Every structure is written in structure tokens, then in C-alpha cells.
J.: 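There's a structure below that I have some questions on.
Nothing here was measured: the structure is a model prediction, and the numbers come from that model. We name chains A, B, ... by the order of the sequence lines, and we start the count at 1 in each one.
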Amino acid sequence: MAQTLVNVPKKARRGDVIEIKTLMSHIMETGYRRTAAGDIVPRDIITSFTCRFNGEEIFRADLFPAIAANPYLAFFTVATESGKFDFEWIGDKGFLETASAQITVE
Amino acid sequence: MAMRNTTSTTRRKFLHIVAGSAVAGAIPVVSTRPAEATPAMLTAAIRNVVGEAPVRAGKVKLDIPPLVENGNTVPMMVSVASPMTAEDHVKSIHVFNEKNPQPNIGNFHLGPRAGRAQVATRIRLADSQKVVAIARLSDGSFWSATVDVVVTLAACTDEVL
């Protein structure tokens, strides 16, 4: 079970630009490293991250092996109404993790 | 195997360039070099995204330390000067590198709802090299920023013990 950390303000005023920070524990194995025996360590990375607000996609990222282990992503959105953010990480070897956060907009 | 160090830029030259930019107040170096100077893989990766459209330097700010001790985790922030309205906003930000095994670092898709065109993450750099950020605007134009980064300890692409 992967560890997930999501940072969303609990409250915001309508129209505020808010920052969302996410951290997902993942090795992000590049697929370019070798074992002592000379075999390539197979790639195992998160390839896609999506953030939706009340079902609507507001941010998406395609990730490559050049993203550091335990991918950190910070981005912005406008607080329009109270609702729920859904986060989704998809990766190699069937990796799928989700998280969500509520926001109250006044 | 992982290093594609094929350019003629020597370490001495590189340090000289970076030292020059540090004197200029650590402002990201916007590349004015001709397209031929960039290695073929980087150029191909950029063409994949922008097609035949021209890419102009400007509007994009790429914040990345000019001197990195550990290439395994390098903080990076890209921001684009844009009002982020329905008529004029950033659609996506694409980040590339020159000398990692793969030229892509990440693609970030946003829209007018973002309010601010800014993305931060942490990246890996396998060598001292150039990092390029390109923004696609809603009017179809492309803007870029380029930063030269010196890495003292490269991201591990060597053997696992």
C-alpha cells in the first residue's frame, strides 16, 4: 500500500487561486539501471497523474523516468464552489492509487 | 550506456557559461543558440510536441538550481506569464532534457481553470545538461525557457549493488 500525501486548503474564498500539493510514495525505477549481474532492472514508474474537481479534470501530468522517486506535484486551481478533489496515479505493473480531499468555498 | 554525452561542450566551457549566468543574478539562461546545437533526440522530442510551429524564447520561467549536488532529486518549477482566461491561457507545459537516457521529463496539462500557470515537481538529471520547458498557449503559439544545470552527483543509472 503506497503512502499518499495530499495538501489542499480546507477553506477558500470564491475566486481564490489555491495551490494543491501531492506526494506519492513510489520507487520510480527508471528501467536503465542494472543489477550486479548485468540484468536491466525493469521499469516501474507512475506514468500518469490526474486531478479532478467534482468529476471535471482540472490537471493532468504524463510522467517519465526523469521524475524523481516519490513524485511530488504542485499546481494551482481556482476555488469556484465547495466540492471534492479526486486524485489518481496510474503506473506500470498495474499501479493504481487514488486520494480525495474536500474544500469549502465561501 | 546511459550517458549520451556527444556534444562538444567541454566541462570547462560549461562551467564558464554557468558562472556567467550566476553573475547575471541567477536569471535562467534563455538559449539563443541555433537549433543545430541541440542534440537530435531533444530536438525530435520537442518536434513531437510542437510539430512545425516556431518556438519563441520568453514568457516561460524555468526555476531550477544552476548547481545541483544530487541529480537524483532536483526541485524544478515552471511558470508561464499568462492571464489564464478562457481566451488566453496555457494549455500545456512540456519539460525536456538533453542528456538523460530519455529526452522527456514530464507533460503537464492545465487550462483556464488553473488560475495560475505554474507547476512544480522534482526531477532526475543524469549529467550536467540543458533543461528546456515549452508552453503551449491557447492561441497555438509555443514559448520556451532553457536553463543550463551543472550536476555534481549524477542520478543513478549505474549498476545496482
Side-chain angles (χ1 to χ4, degrees), chain A residues 7 12-24 26-43 45-54 56-81 83 85, chain B residues 1-4 45 49 68 70-80 82 84-85 89-127 129 131 154-161:
Chain A
N7 187 336
R13 274 177 306 175
R14 195 176 307 276
D16 277 358
V17 176
I18 57 168
E19 185 174 27
I20 296 175
K21 298 177 190 170
T22 68
L23 192 64
M24 164 59 74
H26 195 283
I27 184 169
M28 293 296 277
E29 182 60 56
T30 61
Y32 295 102
R33 297 201 301 167
R34 285 170 187 277
T35 63
D39 304 319
I40 283 200
V41 181
R43 193 186 89 163
I45 65 165
I46 293 173
T47 50
S48 168
F49 166 81
T50 310
C51 173
R52 294 183 185 86
F53 180 68
N54 289 345
E56 181 203 352
E57 179 184 304
I58 58 167
F59 179 81
R60 180 165 54 88
D62 311 320
L63 308 183
F64 293 86
I67 299 289
N70 305 323
Y72 164 77
L73 282 167
F75 51 94
F76 290 84
T77 191
V78 176
T80 51
E81 56 181 334
F85 291 98
Chain B
M1 155 267 163
M3 308 293 174
R4 284 198 178 73
V49 169
V68 172
N70 183 353
N72 276 309
T73 172
V74 183
M76 177 199 84
M77 188 175 85
V78 186
S79 50
V80 187
S82 165
M84 294 306 273
T85 58
H89 59 267
V90 177
K91 292 181 95 165
S92 58
I93 294 169
H94 308 264
V95 186
F96 304 94
N97 70 82
E98 194 181 12
K99 290 179 184 169
N100 281 11
Q102 253 188 314
N104 295 83
I105 292 179
N107 302 324
F108 308 97
H109 307 269
L110 41 159
R113 228 193 152 292
R116 187 183 303 173
Q118 182 177 317
V119 175
T121 185
R122 296 182 192 130
I123 67 171
R124 287 181 173 130
L125 293 173
D127 200 353
Q129 56 182 301
V131 177
C156 184
T157 48
D158 303 332
E159 70 179 27
V160 180
L161 296 178

J.: Just how far is it from atom CG of Asn70(A) to atom OG1 of Thr73(B), taken to the nearest 0.5 Å?
T.: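 These two atoms lie 9.0 Å from each other.
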
J.: Looking at every non-hydrogen atom in both residues, tell me the closest pair between Ala61(A) and Phe108(B) and how far apart they are.
T.: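 Closest pair (atom of Ala61(A), atom of Phe108(B), distance): CB-CD2, 3.6 Å.
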
J.: Of all of Val119(B), Val74(B), Asn104(B), Val95(B), which one pairs up most often with chain A through heavy atoms under 4.5 Å apart?
T.: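 When all of Val119(B), Val74(B), Asn104(B), Val95(B) are compared, Asn104(B) has the most.
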
J.: At what distance, to the nearest 0.5 angstrom, does NE2 of His109(B) lie from OG of Ser48(A)?
T.: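 With rounding to 0.5 Å, NE2 (His109(B)) is 8.5 Å from OG (Ser48(A)).
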
J.: Looking only at heavy atoms and a cut-off of under 4.5 Å, which of Phe59(A), Phe75(A), Phe49(A), Phe53(A) has the most pairs with chain B?
T.: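 Heavy-atom pairs under 4.5 Å are most numerous for Phe59(A).
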
J.: Do you know which of Asp62(A), Val17(A), Thr22(A) has the most heavy-atom pairs with chain B at a distance under 4.5 angstrom?
T.: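 Highest number of heavy-atom pairs under 4.5 Å: Asp62(A).
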
J.: Please tell me if the side chains of Asn107(B) and Arg60(A) come closer than 4.5 Å, counting only heavy atoms from C-beta onward.
T.: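 Answer no - side chains too far apart.
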
J.: Examine distances only and state if a side-chain atom of Thr77(A) and a backbone atom of Ala114(B) form a donor-acceptor pair shorter than 3.5 Å.
T.: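 Flag not set: sc Thr77(A) to bb Ala114(B) has no pair under 3.5 Å.
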
J.: Where on Ala69(A) is there a heavy atom nearer than 4.5 Å to chain B: the side chain, the backbone, both, or neither?
T.: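 It is both, since atoms from each part get that close.
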
J.: What is the distance from atom CG of Leu110(B) to atom CD of Glu57(A), rounded to the nearest 0.5 Å?
T.: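 One gets 10.5 Å once the value is rounded to the nearest 0.5 Å.
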
J.: Does Arg116(B) pair with Glu19(A) as a salt bridge, N-O distance under 4.0 Å?
T.: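 Looking at Glu19(A) together with Arg116(B), the answer is no, because their closest N to O distance does not fall below 4.0 Å.
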
J.: Looking at CG of Asn100(B) and OH of Tyr32(A), how far apart are the two atoms once the value is rounded to the nearest 0.5 Å?
T.: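 Atom-to-atom, Asn100(B):CG and Tyr32(A):OH are 9.0 Å apart.
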
J.: Can Thr30(A) and Arg124(B) be said to form a side chain to side chain donor-acceptor pair (under 3.5 Å), step by step?
T.: CA-CA 10 Å; Thr30(A) 61; Arg124(B) 287 181 173 130; 5.5 Å; no

J.: For residues Ala66(A) and Asn97(B), report the shortest heavy-atom separation together with the two atoms involved.
T.: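 In terms of heavy atoms, the two residues are closest at CB-ND2, 4.4 Å.
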
J.: Please name the residue in the list Leu23(A), Leu73(A), Ile67(A) that meets the side chain to side chain contact (heavy atoms under 4.5 Å, CB included) test with Arg122(B).
T.: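 So, applying the side chain to side chain contact (heavy atoms under 4.5 Å, CB included) to Arg122(B) and each of Leu23(A), Leu73(A), Ile67(A), only Leu23(A) qualifies.
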
